[in-house]
Amino acid sequence: MRDSVSPTIRRLKRPLELVCSAGNRGKHAVLDLVLPPTCRLCNRPVASEQDFCGPCQRSLTLSGPMMQAGCFRCGRPRPAVGKPKIQPEINPDQQTSETEPCVQCKRETLFFQGVIPLWSYQDRVCEAIVAAKYGHQSSLAAALGRRLGERIVTVTTNRAEACSPDLVSYVPSHFTRQFQRGGNGNQTIAEAVCQYLRDKNHALRCRSLMKMTRRIKKQAWLDNAQRRENVRGAFAVKRSYVFAKTLVNRHILLVDDVLTTGATANEITQVLLAGGARRVTLAVVARAIRSQ
């Protein structure tokens, strides 16, 4: 059944999972007998070491190939993706390179170097994103972070313009919002991303580089112009990192749960670049595709 394991049991299981080391199979076996593993999203029983059940896995990953083949600069899927190409009518001199900006983002001013999206923000992905914002769903947020880490490794391996980062950080939230939600889901996602990437770069660290200078309205309630004004001057680099010159000549991987217009990411990127960062790449669990 969908709710065969209650959220309370899942919250109890998380600390026990942390106690069991990855190499201690005996403790893991006992844990699975006492508290059987369940899907991070719907609570259905799953096999050990699985994050999602079959139906959730298929729903979440459906847009993966489309997003992976999208525009690197803005993260949107390219219009030609999924459409058959009629080879005789294609002029090679007029083809758009996969490394060039798409038609939409050519009209936009974006300060981050590129976007690595995992999925499209729709259907089951929306449910996962909203749930992962809350502290009691940290295991779900961590699972999303691991999936995003896999995508980042693939992109940085196959695309020359997406070089590996020097630091991982995340979009902060106001302390009042963190109190309401019981934590910052973006932080959990970013830490899981960093942990996954450290298999290839052991020196990589996740740092809380940014702070909010004031509370802002929810971006979802605003139009494009209002979103830009809403976040203007709302972020700053933490003083300790300014004094230590932590950002100087660094490539920052900025992690967020969802990207819509890019107003927040643009504002934070400008602050990071002003603080000395060499470049900023955005990695998001989901990219919202808005009708034009």
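If you read the sequence from its start, that first residue is 1, and numbering goes on from there. Since the model is a prediction, treat every value here as computed from it, not as a measurement.
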Do you know the tightest heavy-atom contact between L259 and C74?
CD2-O, 3.9 Å
In this structure, would M212 and L209 fall into the same cluster of hydrophobic residues linked by side-chain contacts under 4.5 Å?
yes
Please report the closest heavy-atom contact between C105 and C71, naming both atoms and the distance.
SG-SG, 3.6 Å
Specify the closest pair of heavy atoms between K238 and K211, including all atoms of both residues, with the distance to one decimal.
CG-CB, 4.1 Å
Taking atom CG of N230 and atom CZ of R215, what is their separation to the nearest 0.5 Å?
11.5 Å
Run the numbers on R44 and T38 for side chain to side chain donor-acceptor pair (under 3.5 Å), then give the verdict.
CA-CA 5 Å; R44 287 189 182 98; T38 60; over 6 Å; no
Hey, are the side chains of V153 and R151 touching, using non-hydrogen atoms and a 4.5 Å cut-off?
no
How about T246 and R207: does a side-chain donor come under 3.5 Å of a side-chain acceptor?
no
How many angstroms lie between atom CD of E150 and atom CG of L118, to the nearest 0.5 angstrom?
8.5 Å
Closest non-hydrogen atom pair between F52 and L140, with its separation
CE2-CD1, 3.7 Å
Linking I/L/V/M/F/W/Y whenever any side-chain heavy atoms sit under 4.5 Å apart, do V231 and V237 land together?
yes
So CE of M210 and CZ of F235: to nearest 0.5 Å the spacing works out to 7.0 Å
Could you grab the distance from atom OH of Y134 to atom CZ of R181, nearest 0.5 Å is fine?
5.5 Å
Do V125 and L144 share a hydrophobic cluster (ILVMFWY, side-chain heavy atoms under 4.5 Å, transitive)?
yes
Carboxylate-amine/guanidinium proximity below 4.0 Å for R76 and E108:
yes
Derivation and outcome, side chain to side chain donor-acceptor pair (under 3.5 Å), residues E191 and Q187
CA-CA 6 Å; E191 289 172 348; Q187 180 176 357; 3.1 Å; yes
Quick one: do L253 and I268 end up in the same hydrophobic cluster if we chain Ile, Leu, Val, Met, Phe, Trp and Tyr together by side-chain heavy atoms under 4.5 Å apart?
no
Residue pair K106 / R73: nearest heavy atoms and the distance that separates them
N-NH1, 4.1 Å
In Å, rounded to the nearest 0.5 Å, how long is the span from CG of L41 to SG of C53?
7.5 Å
For R239, is the CZ atom crowded, meaning more than 12 foreign heavy atoms sit under 6.0 Å from it?
no
If every non-hydrogen atom of N266 is compared with every non-hydrogen atom of T109, which pair is closest and at what distance?
ND2-O, 2.8 Å
Test side-chain contact (heavy atoms from CB on, under 4.5 Å) on I252 and D166; report intermediate values, then the result.
CA-CA 6 Å; I252 310 299; D166 301 311; 5.9 Å; no
Answer with yes or no whether the hydrophobic clustering places L282 together with W119; edges join I, L, V, M, F, W, Y residues whose side-chain heavy atoms lie under 4.5 Å apart.
no
Rounded to the nearest 0.5 Å, what separates atom CD1 in I189 from atom OG in S138?
11.0 Å
